[in-house]
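Inspection log for the structure reproduced underneath, given as structure tokens.
Quick caveat: nothing in here was measured; it's all calculated off a predicted structure.
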Amino acid sequence: MDFTGLIIQLVSGAVGGNVAGMLAKARSLGPALNSILGAIGGVGGGQLLGGLLGGGMGGNIGSSAVVGALLPLIVSLLKKKA
């Protein structure tokens, strides 16, 4: 993977994490943690799903944003139970 693709995955995931935080305010972990978890999820999602879905840059951005949105929500569910 090239550096540009990694940056795109990080940014897409961070945006997805913050959008999820805004949509599910009760589950939001705050902008900083949503961004960090979203970026981590974005890279993971871009690597796993981007290759499966193909579609070039659009598939990479979309999969990074979706997984970037899911990771903060999953962590918030686990945090509430603990």
* Short question: side chain of Ser76, backbone of Leu73 - any donor-acceptor pair under 3.5 Å? -> yes
* Determine yes or no for a side-chain-to-main-chain donor-acceptor pair under 3.5 angstrom, with Ser12 supplying the side chain and Gln9 the backbone. =>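 It does not hold such a pair.
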* Distance (rounded to the nearest 0.5 Å) between Ser28 OG and Asn18 CG -> 7.5 Å
* Reported CD1-to-CZ distance for the pair Ile74 and Arg27, which is rounded to 0.5 angstrom -> 12.0 Å
* Listed by chain and number, what are the side chain to side chain contact (heavy atoms under 4.5 Å, CB included) partners of Leu37, not counting sequence neighbours? -> Leu29, Leu33, Leu71, Pro72, Val75
* Looking at residues at least two apart in the chain, or sitting in another chain, which of them share a side chain to side chain contact (heavy atoms under 4.5 Å, CB included) with Ile36? ->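 Scan of Ile36 (side chain to side chain contact (heavy atoms under 4.5 Å, CB included), adjacent residues dropped) gives Ile40.
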* To do: Write down the atom of Gly42, the atom of Ser64, and the distance for their closest heavy-atom approach.
  =>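 In this case the closest contact between Gly42 and Ser64 is O-OG, 3.0 Å.
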* Looking only at heavy atoms, what is the nearest atom pair of Ala20 and Ala69, with distance? ->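 That would be CB-O, 3.5 Å.
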